[in-house]
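Written out below as structure tokens is the structure these notes cover.
In this chain, numbering begins with 1 at the start of the sequence shown.
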Amino acid sequence: MKYTKQSILALSIFVAFVGTTSPQFAQAASQSAKANPVKIAQTATGLRDLWISHGFWVRNVVSATIAGNTAAAAAAEQEAFANAKQIAAAIEPFYGKAAADKLFVLLGGHYSAIKQYLEATTASNQDKQDAASKALSSNGGDIAVFLSNANPNLPLDTLRGLLMAHGGHHMQQIQQLHDKQYGEETQTWEAMKNHMYGIADALAAALAKQFPAKFS
């Protein structure tokens with residue numbers, strides 16, 4: 001199942017709502033809010049690093065699990081959870097600890113659904129794959145609601161679409177690695193990486209619009 005075109009479309013719509021999805025265009029988007037474009041770019045860079053680390057460690061869990069290397073999978077899983085904690089902590093200065101804790105729980109649900117899909121794929125169990133896919137979509141919707149409620153610059157439907165596409169990338173990557181479609185998986189990773197960068201940049205721009213004083 002391909003998600004690249006949907007991802008690009010959803011991200012393009014998100015740009016229109018938020019105003020920008022890359023640090024180099026942050027100045028134009030933030031002039032009226034008197035936010036410092038350098039600080040926006042720094043925040044976007046930090047968020048990019050966190051999101052790409054998420055993709056990196058989850059991919060390590062997937063590849064190690066498929067290879068039957070339980071020690072490597074366990075080590076990668078530990079890093080994936082540490083990364084989720086860091087992503088959640090990134091919003092604490094803006095929304096407080098309770099919100100950060102809530103996001104961490106939601107991100108844990110995101111990982112849990114990915115792992116369910118991985119286990120179902122390795123077991124060639126279509127019914128469990130379908131159930132995991134639904135769980136991943138439901139969790140993506142929950143994260144979208146949480147973030148959209150927190151920040152009025154993050155439109156719910158568009159954010160939900162972005163997170164659905166992100167979950168789709170995970171599932172596509174798992175299937176391709178399981179089927180030894182390594183060339184195809186490199187293309188999925190490239191699309192996934194750019195998609196995560198776009199999400200990180202858009203979140204940074206939305207935060208700058210909502211909290212211009214913190215970016216002054």
Side-chain angles (χ1 to χ4, degrees), residues 3 7 10-11 14 21 43-65 73-120 131-151 153-174 188-189 191-207 210:
Y3 285 82
S7 302
L11 193 56
F14 207 16
T21 58
T43 299
T45 298
L47 289 173
R48 279 185 172 210
D49 183 63
L50 291 173
W51 277 86
I52 204 68
S53 293
H54 160 69
F56 174 82
W57 288 116
V58 170
R59 187 188 184 281
N60 276 16
V61 171
V62 173
S63 58
T65 299
E77 182 172 82
Q78 185 175 6
E79 293 300 322
F81 272 101
N83 167 259
K85 197 75 172 178
Q86 292 172 334
I87 293 175
I91 73 166
E92 186 172 342
F94 303 97
Y95 304 112
K97 188 177 186 305
D101 290 344
K102 174 63 174 177
L103 181 57
F104 177 65
V105 171
L106 290 169
L107 291 172
H110 174 67
Y111 177 78
S112 178
I114 293 169
K115 191 169 182 180
Q116 289 173 31
Y117 190 87
L118 172 60
E119 291 171 350
S133 177
K134 289 179 181 178
L136 191 56
S137 295
S138 177
N139 172 264
D142 290 342
I143 295 175
V145 169
F146 172 79
L147 293 175
S148 183
N149 285 342
N151 192 317
N153 300 299
L154 298 171
L156 176 59
D157 288 344
T158 306
L159 191 54
R160 183 184 286 115
L162 288 169
L163 291 168
M164 295 302 105
H166 174 67
H169 282 141
H170 278 300
M171 291 187 290
Q172 185 170 304
Q173 183 181 65
I174 289 169
T188 297
W189 171 252
M192 188 177 193
K193 178 190 70 175
N194 291 331
H195 188 77
M196 289 186 290
Y197 281 167
I199 291 174
D201 292 349
L203 291 174
L207 286 170
Q210 188 179 23

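Aromatic ring pairs are classed by plane angle as parallel below 30°, tilted from 30° to 60° and perpendicular above 60°; the pair H166 and H54 is tilted.
Not a single donor-acceptor pair under 3.5 Å links the side chain of S148 to the backbone N or O of P155. Side chain of N149 to backbone of V145: a donor-acceptor contact under 3.5 angstrom is found. Using modelled atom types, one side-chain atom of H195 and one backbone atom of L162 make a donor-acceptor pair closer than 3.5 Å. Between the side chain of N83 and the backbone N or O of L50, at least one donor-acceptor pair lies under 3.5 Å.
Of all the heavy atoms in N153 and N151, the pair that sits closest is N-OD1, 2.8 Å. Across every non-hydrogen atom of G141 and M164, the tightest pair is N-CE, 3.4 Å. Among all heavy-atom pairs drawn from N60 and A76, the shortest one is CB-CB, 3.7 Å. Nearest heavy atom pair, residue A204 against residue L47, reads N-CD1, 3.9 Å. Across every non-hydrogen atom of M196 and W51, the tightest pair is SD-O, 3.2 Å. The heavy-atom pair separating A73 from A64 by the smallest distance is N-CB, 3.5 Å.
Not counting sequence neighbours, K102 has no partner by the side chain to side chain donor-acceptor pair (under 3.5 Å) test. Qualifying ring pair (Phe, Tyr, Trp, His ring centres under 6.0 Å) partners for F81, counting only residues two or more places apart in sequence or in other chains: Y111.
Note that CG of L154 is 8.0 Å distant from CD of Q210, once rounded to the nearest 0.5 Å. For the atom pair L207 CG and F94 CZ, the distance stands at 4.5 Å (nearest 0.5 Å). Rounded to the nearest 0.5 angstrom, D49 CG and Y197 OH are separated by 8.0 Å. The distance from atom CG of L106 to atom CD1 of I87, rounded to the nearest 0.5 Å, is 12.0 Å. For the atom pair CG (D201) and CZ (R48), the distance works out to 4.0 Å, reported to the nearest 0.5 Å. Rounded to the nearest 0.5 Å, atoms CD (Q86) and CG (L107) are 11.5 Å apart.
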Steps toward side-chain contact (heavy atoms from CB on, under 4.5 Å) verdict (V105, F146): CA-CA 11 Å; V105 171; F146 172 79; over 6 Å; no
I91/L203 under side-chain contact (heavy atoms from CB on, under 4.5 Å): CA gap, chis, key distance, verdict: CA-CA 10 Å; I91 73 166; L203 291 174; over 6 Å; no
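Annotation: E92, atom CD; neighbour count of heavy atoms from other residues, nucleotides and ligands within 6.0 Å is above 12.
Sorted by first and then second residue, the side chain to side chain donor-acceptor pair (under 3.5 Å) pairs involving residues 138-147 (not counting sequence neighbours) form an empty list.
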